[in-house]
Amino acid sequence: MNQIIRPAKCLKGTVQVPGDKSISHRAVMFGAIANGDTRISHFLRSADCLSTISCFEKLGICFEQDPDRDEVIVHGRGLRGLSAPSGILDAGNSGTTTRLISGILAGQPFSSVLDGDDSIRQRPMKRIIDPLLLMGADISSVKDNNHVPLRISPSSLHGISYLSPTASAQVKSCILLAGLYADGKTSVTETVLSRNHTELMLSAFGASISSGRTLQGFEASILPGNELHGTDITVPGDISSAAYFIAAALVLPGSEVMIQNVGINPTRTGILEVVARMGGNVRILNRRMEGGEAAADLMVTSSSLSGTEIGADLIPSLIDEIPVIAVLAAFAKGKTVIRDASELRVKESDRIRTTARALQAMGARVTEQPDGMIIEGGIPLHGGMVESCLDHRIAMSMAVCALASDGPTTIKDAECTGISYPSFFQDLRNLTCETM
Ligand code: S3P
């Protein structure tokens, strides 16, 4: 399905973004391996999170869910309560499902095969296969190419101390989850802290987990032995989804948007830091804690922006926002340099290439770099035909770009927004004023 976006005058109003994707996935997974019920409120009912639910259904877990409500009840069966799957586990488009569930499956007394869609079949899995093998797991890539399908068979797991070569929450979480089934302590160290939802939520479920700074970086450690207990989780709104409205309101003159109930865990707020550096006006109001996670309302007013430089220290905290930050940069005065972001090449699409090509199609001056891009901002953009490349974040970022460009834009295969934000276009329309 193609989506046509016309230029807008401004964005005004209040919006509530859907629940955080990373937190929704984890609540399902940890609920499944906990004893008793877990009630998840403001769950993200998007394709990715539904892939996680369907994998656990195949592993014998029952869920109570209503397609019209964002509440899910997970009837957990304890650490050793999963049963052998009735067929191949299908992670769909979801890297988080694939990598986190692999850690859980490595500790099970049955074999399973994990697969996904064409995009997930191209994403690197060596990053989880290697540490799981070090733990003694029996895991192999069925086609011997370090991609899914993966076959995971029973084995005895040992605790390891792992220095992660990439700051990846999916890798860290996979290892910590396998650590629940190991014979001793498991630690993961990363030089820059990646999102820490696993550490926070496993602790809320009663796991024996600790984290802190060491000489080498940021370490998270888990001890096996504790059963997890079901708990109630209220999922804050996803800052990665809020990012599209933040960007649109900043670049469209006369805009004022209130985004309610957004998760502002500091491992996720790199976009707020970058926006502040660019001169963007985002006020953080009503700060509070929700289910162990920081949340707030964000008031965004249109601002005149300047280019900036973004490097290694910030990349993990804004990794999924880089396509929309590139859009901001295209409307900012001067040059923006994004470096140390080669991880973008192995996301749902090669996001350095797909972002650069999509922006170029609208007249932006963007140069691809091996590990990022350089954007010369301030050149007026025109509408056109834009490939989403079936990547939800490219589709939504380019919708924002289209609002502030001249003439209509067609975004191809825009239904991929359903991966993380099924009501995105409706919510955007509700805020858009005076389409020209
Ligand atoms: C996620 C971690 C990030 C992020 C992804 C969600 C998670 O991936 O890009 O969208 O939920 O742990 P990496 O761990 O590969 O950086």
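Numbers for residues simply follow the sequence, beginning at 1. Bear in mind the structure is a predicted one, so any value in this text is a computation, not a measurement. Both ligands and their constituent atoms are indexed starting at 1 by order of listing.
Every atom of ligand 1 with a heavy atom of Ser22 under 4.0 Å away is listed here by number and element: 1 (C), 6 (C), 7 (C), 11 (O).
In this structure, the side chain of Thr97 does not engage the main chain of Ser51 through any donor-acceptor pair within 3.5 Å.
Listed here is the closest heavy atom pair of Ile120 and Gly92: CG2-O, 3.4 Å.
Of the N or O atoms in Glu343, none lie within a sub-3.5 Å distance of an N or O in ligand 1. For ligand 1, the polar-atom distance check against Arg195 finds no nitrogen or oxygen pair separated by under 3.5 Å. In terms of polar-atom proximity, Lys21 is not counted as a contact of ligand 1, lacking any N or O under 3.5 Å from an N or O of the ligand. For Arg127, no nitrogen or oxygen atom sits less than 3.5 Å from a nitrogen or oxygen atom of ligand 1, counting backbone and side chain alike. Ligand 1 has no nitrogen or oxygen under 3.5 angstrom from a nitrogen or oxygen of Ile319.
Look at Lys172 and Glu199 and you find a salt bridge, because one of the NZ, NE, NH1 or NH2 atoms lies within 4.0 Å of a carboxylate O, short of that distance.
Under the rule for a side-chain contact (heavy atoms from CB on, under 4.5 Å), the partners of Ala341 that lie at least two apart in sequence or sit in another chain are Ile315, Ile322, Ile338, Leu344.
Screening Gln170, Arg26, Lys21 against Thr96 for a side-chain hydrogen bond (donor to acceptor under 3.5 Å, both in side chains) leaves a single residue, Gln170.
Between the CD1 atom of Ile239 and the CG atom of Asp20 there is a distance of 9.0 Å, given to the nearest 0.5 Å.
Counting protein heavy atoms only, atom 4 (C) of ligand 1 is closest to Asp320 OD2, 3.3 Å.
If you look at Arg26 next to ligand 1, the close heavy atoms, those under 4.0 Å, all belong to the side chain. Neither the backbone nor the side chain of Lys172 has any atom closer than 4.0 Å to an atom of ligand 1 (non-hydrogen atoms only).
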